[in-house]
Asker: 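Have a look at this one.
Every value quoted in this text rests on a predicted model; they were computed, and no experiment measured them. Below, chains carry the letters A, B, ... as their sequence lines are ordered, and counting in each starts from 1.
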Amino acid sequence: MTVTSTPPTSAGSKPVIDRADDPRNPRLRLESLFDEGTLTLLTDEDDSGMLTGIGQIEGATSVAFCSDATIQGGAMGEAGCKAILVAYERALADGVPVIGLWHSGGARLREGVVSLHAVGEVFAIMTRASGKVPQISVVLGPAAGGAAYGPALTDVVILGPEGRVFVTGPDVVRSVTGEDVDALRLGGPEPHGRRSGVVHVVAETQEAAYGEARRLAALLGDQRTIGEVEDRDLASLLPESPKRAYDVHPIVESLLDEGSSLELHPKWAPNVTTTLGRLGGRTVGVIANNPLRLGGCLDSASAEKAARFVRMCDAFGVPLAVVVDVPGYLPGVGQEWDGVVRRGAKLLHAFAEATVPRVTLVTRKAYGGAYLAMNSRSLGATRVFAWPGAEVAVMGAVAAVRILHRRRLAEVAEDVRGEVEAELAVEHEKLAGGLARAQEIGVIDEVIEPTRTRSAIAQAIAAAPATRGNHGNIPL
Amino acid sequence: MAEEIRAEMVANVWKVVVAAGDSVEDGDTLVILESMKMEIPVISERSGKISALHVAEGDVVQEGDVIAVID
């Protein structure tokens, strides 16, 4: 198929309304996305409700399509959906990112099942492209029904200030369930950024939304190679007390090249952070436990969030750095009923199947099942580093002796129990062997000084073969 | 608009850093909880005035309990 030389195809007839100055004009929106003067249309400006084009983003090629919200609220009909297929075929043929700008009420009602069928074909090509080319969605206005599931099938969803995503709008919700809710609360930045995980990036302005899409297209579509890396002392960002929780963001940002980090899902499941950025100029993905939230415990939502990020990075050949400081899985009825076993298994699966270089760094501690889940040696980590003093164990020493020496502890007087516990814990730590033993077993490759963290991780990534996983990125 | 700061998990209230009536900035520590053998600061996500403080040192909070209200 010679899609690379496809001339603009006429997907519908010429528009009847003048929209040259309408801010919803899809041509204006596409021009805002691409480098100035680089947009070439792939389909005609007509009444199909969709406009597609190809252009440059920071000098690298991307394909994009945009709902035409000036016609029937951007509803998707047969012709508009065919235009999206043209954009996708071109992106797949050229191996470049495809960006969707969404502002649409869903399928065109007046076309009936014909439009429904066409929307389904869009879903199918999105799935076919999944893991092959990066797919980025920017929701600029309401995106309902089919226009909600379109973005949801892509790798990253950015929500602009006017963006609203829902299956059914407030009117239908009210008439069916009686719930009185407005579009903002139903599908705006707060619910999707914090509660549902539907949206990866919330942008405060429309310009910022285009800006984030451009950064993502560059990070995923133009990954570059690892160059020189300068070191800095990351351990100075840890609190003095090993018991004190802290915010992991400064560590992730210092690990990455200055100003390069772009966090996905910052407010949803914030006890694990998933961040794209560059290390020595090369795109990498960083997964880090954040002790400030839930003590850094893994739970069902954070495991799922991290699993999807790992699979996305693996599919596009983005190497991973995993920063571990995890006390375990969050205990509780809520978690078990929420499927922490099923959803936690996704993270095990995602890491174990990943073929990209993936380097683990244990900064303070890694306990139990959560230790395994955070890209352990046994799951196939490329290399596992630890900072001096880090702990790798089934659980903390005190917790361990409470189980191992339950009877003996029950027999001693309550006022000295703490002391005895502490003594037993020291003994237990000696027996367990600490980092030296972990190195002996081979679950830690090397204890590194925090000052050479950046170069150690960069070298480990550069030394591993550049590979990518052969799979799609199902929206876990 | 008032914002309720709620406990994310079961914890002991180890230290109370602010008092009702205090002004706080985005990022300030309100209380420090103890859970999973860690001291976990609860951080304000907005600037404002503490209109109510519902916990004292030594209390046990459950997931979802209101710790403070910021106006």
Asker: For residues Pro291(A) and Ile40(B), determine if any side-chain heavy atom of one lies less than 4.5 Å from a side-chain heavy atom of the other.
Answerer: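 They are not in contact (no side-chain heavy atoms under 4.5 Å apart), so the answer is no.
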
Asker: Please report the shortest heavy-atom distance between Met38(B) and Pro327(A), naming the atom on each side.
Answerer: SD-CG, 4.2 Å

Asker: For residues 50-61 of chain B, give me every residue with a non-hydrogen atom less than 4.5 Å from any non-hydrogen atom of chain A.
Answerer: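 Heavy-atom contacts from residues 50-61 of chain B to chain A are absent.
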
Asker: Heavy-atom cut-off 4.5 Å, strictly under: side chain, backbone, both or neither for Pro331(A) against chain B?
Answerer: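 Contact with chain B is through the side chain of Pro331(A) alone.
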
Asker: Dump the table of donor-acceptor contacts under 3.5 Å between chain B and chain A, or return none if there are none.
Answerer:
from     : atom 1 : to        : atom 2 : distance (Å)
Glu8(B)  : OE1    : Leu294(A) : N      : 3.2
Glu8(B)  : OE2    : Arg293(A) : NE     : 2.9
Glu8(B)  : OE2    : Arg293(A) : NH2    : 2.4
Glu39(B) : N      : Lys243(A) : O      : 2.8
Glu39(B) : O      : Ala245(A) : N      : 2.7
Glu39(B) : OE1    : Arg244(A) : NE     : 3.1

Asker: What pair of heavy atoms forms the shortest contact from Leu330(A) to Met9(B), and how long is it?
Answerer: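 Answer, listing the atom of Leu330(A) first, then Met9(B): CD1-CE, 3.5 Å.
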
Asker: Using non-hydrogen atoms and a 4.5 Å limit, figure out which bit of Ile43(B) sits close to chain A: side chain, backbone, both or neither.
Answerer: side chain

